[in-house]
Amino acid sequence: MALHFSSACLCSLSQMRGQKMRAVAGESSVTFNSEEDKVKLGGSDLKVTKLGIGAWSWGDTSYWNNFEWDDKKLKAAKTAFDASIDCGITFIDTAEVYGSRFSFGAINSETLLGRFIKERKEKDPEVEVAVATKFAALPWRLGRQSVLAALKDSLARMELSSVDLYQLHWPGIWGNEGYIDGLGDAVEQGLVKAVGVSNYSEKRLRDAYEQLKRRGIPLASNQVNYSLIYRLPEQNGVKAACDELGVTLIAYSPIAQGALTGKYTPENPPTGPRGQIYTPEFLTKLQPLINRIKEIGESYNKTSTQVVLNWLIAQENVVPIPGAKNAEQAKEFGGALGWRLTQQEIDQLRSLASELKPVTGFPVEKL
């Protein structure tokens, strides 16, 4: 039987860091410790919350936010950050390209995250945020020094002396061994606690793992597109390799960019570039799965979003990082923790999802 944790209760109680927290669902309650609700990333010593927050949309005007960024969206992003921390979700993932001029953004997501952390620490000096960011493997960037230079630029934007996790955002067209060397150098220079990759195939993952292993440095994670309706990591060997090697799979787009929340219908598809992926035709075929997700959620007093995030967490060795644009979304994500779907429900959702044609993924996965 699952216990339902009210977001307001969970958020307020989680501020009692280091103390045991009691989450209430009607007459049911459970006691848990904030440290116990964290997982180690791979073989590293870095512990993060079982669910993180993605900051791709913060400052972005090329894919998210209907190509606009204003004070209202800025304030909403700030409330998303604060609500996440209040709920005990302290693992935040960004990247140097998010919101950057290179990607035609309005303001760099790293800059915003650094600002939010600074403002939060002024009110609560003891708050701890696990920051993850990523290196863009652009064709003109060559060698290990390019990784260190980009990392130092990221640190300057966030006004931090180090980050918890530094990742290669995608495999380079060339020079990947040099990039991996740069990750190792960053660890040895104390600029990062752990290192990972993103959008890496099974072979590239194994190569990166072995290269770092020779220096005694664990590969902590591989961040890939993974959701109930995008299960390529299960089919191409990436998930199995992560499990075998002890590398944590960080799942981006875990709610399929909103498609699995039930928010969108054939009559109301998403706007912008997402509308080219989640078309009315696809959303029509998706409805039986959406309906079953909703039914399961109602039986647990959970939302569809919380159900699909819980499904991912139940796959083990997976840390989902849904994107939060506002406080309401951030609070909702917290409700995916502290309970578990039955194996029968997990299998049934997988079976229904298997009847759908896979959606389009990020092209660099096939590099």
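No hydrogens, no waters, no symmetry mates; every other heavy atom, side chains included, goes into these values. The chain is numbered in sequence order, starting from 1.
- With W58 contributing its side chain and A324 its backbone, the two residues share a donor-acceptor pair below 3.5 Å.
- The line from CG of D185 to CD of Q145 is 7.0 Å long, rounded to the nearest 0.5 Å.
- Taking 4.5 Å as the limit, every side-chain heavy atom of F91 sits out of range of all side-chain heavy atoms of K38.
- At least one donor-acceptor pair under 3.5 Å links the side chain of D164 to the backbone N or O of V131.
- With N310 contributing its side chain and A336 its backbone, the two residues share a donor-acceptor pair below 3.5 Å.
- The pair E355-R292 does not count as a salt bridge, with every side-chain nitrogen at least 4.0 angstrom from each carboxylate oxygen.
- Of the inter-residue distances, the one linking I92 atom CD1 with T133 atom OG1 reads 12.0 Å to the nearest 0.5 angstrom.
- With a 6.0 Å radius and a threshold of 12 heavy atoms from other residues, nucleotides or ligands, D45 has its CG atom at or below the threshold.
- Taken to the nearest 0.5 Å, the OG1 atom of T79 stands 10.0 Å off from the CG atom of L74.
- Between D82 and R120 there is a salt bridge, with a side-chain nitrogen of the basic residue lying less than 4.0 Å from a carboxylate oxygen of the acidic one.
- Under 4.0 Å is where a charged nitrogen must lie from a carboxylate oxygen, and between K118 and E122 no such pair does.
- Counting heavy-atom neighbours within 6.0 Å of E119 CD, excluding the residue itself, gives a total above 12.
- For the side chain to side chain donor-acceptor pair (under 3.5 Å) criterion with D347, the lone passing option out of Q344, R350, Q343 is Q343.
- The line from CG of L289 to CD of Q348 is 9.5 Å long, rounded to the nearest 0.5 Å.
- Salt bridge E281/K285: present, at least one basic N to carboxylate O contact under 4.0 Å.
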Item to check | Residue pair S154, E110: steps toward the side-chain hydrogen bond (donor to acceptor under 3.5 Å, both in side chains) verdict | outcome: CA-CA 7 Å; S154 290; E110 289 181 328; 2.8 Å; yes
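- Under the 3.5 Å distance criterion, the side-chain polar atoms of Y179 are matched with a main-chain donor or acceptor of R141.
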Item to check | side-chain hydrogen bond (donor to acceptor under 3.5 Å, both in side chains) between Y300 and E345, intermediate numbers included | outcome: CA-CA 12 Å; Y300 289 108; E345 290 163 341; 2.6 Å; yes
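- Checked against the 6.0 Å centroid threshold, Y264 and Y278 do not count as a close aromatic pair.
- Here the closest non-hydrogen pair linking K302 and G335 is NZ-O, 2.8 Å.
- Taking a cutoff of 4.0 Å between a charged side-chain nitrogen and a carboxylate oxygen, K325 and E332 do not qualify as a salt bridge.
- We find that K47 and E128 are not joined by a salt bridge, their nearest charged nitrogen and carboxylate oxygen being 4.0 Å or further apart.
- For W56 and Y252, the ring centers are positioned 6.0 Å apart or more.
- For the pair P171 and A137, the tightest heavy-atom approach, listed with the atom from each and the gap, is C-CB, 4.3 Å.
- Among the candidates L245, V197, I180, T248, the single residue satisfying the side-chain contact (heavy atoms from CB on, under 4.5 Å) test with L219 is V197.
- No donor-acceptor pair under 3.5 Å is formed between the side chain of S253 and the backbone N or O of N225.
- Here the CE atom belonging to M158 is positioned 14.0 Å from the CZ atom belonging to R115, to the nearest 0.5 angstrom.
- Among all heavy-atom pairs drawn from A95 and N108, the shortest one is O-OD1, 4.0 Å.
- Looking only at distances, no side-chain donor or acceptor of K121 sits under 3.5 Å from a matching main-chain atom of E126.
- The line from CD1 of I290 to CG of L352 is 11.0 Å long, rounded to the nearest 0.5 Å.
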Item to check | Stepwise salt bridge (Lys or Arg N to Asp or Glu O under 4.0 Å) test for D71 and K78 | outcome: CA-CA 10 Å; D71 286 344; K78 176 64 163 59; over 6 Å; no
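- Of the possible polar contacts, none joining the N317 side chain to the G246 backbone as a donor-acceptor pair under 3.5 Å is found.
- For E234, the CD atom counts as densely surrounded, since its 6.0 Å shell holds more than 12 non-hydrogen atoms of other residues, nucleotides or ligands.
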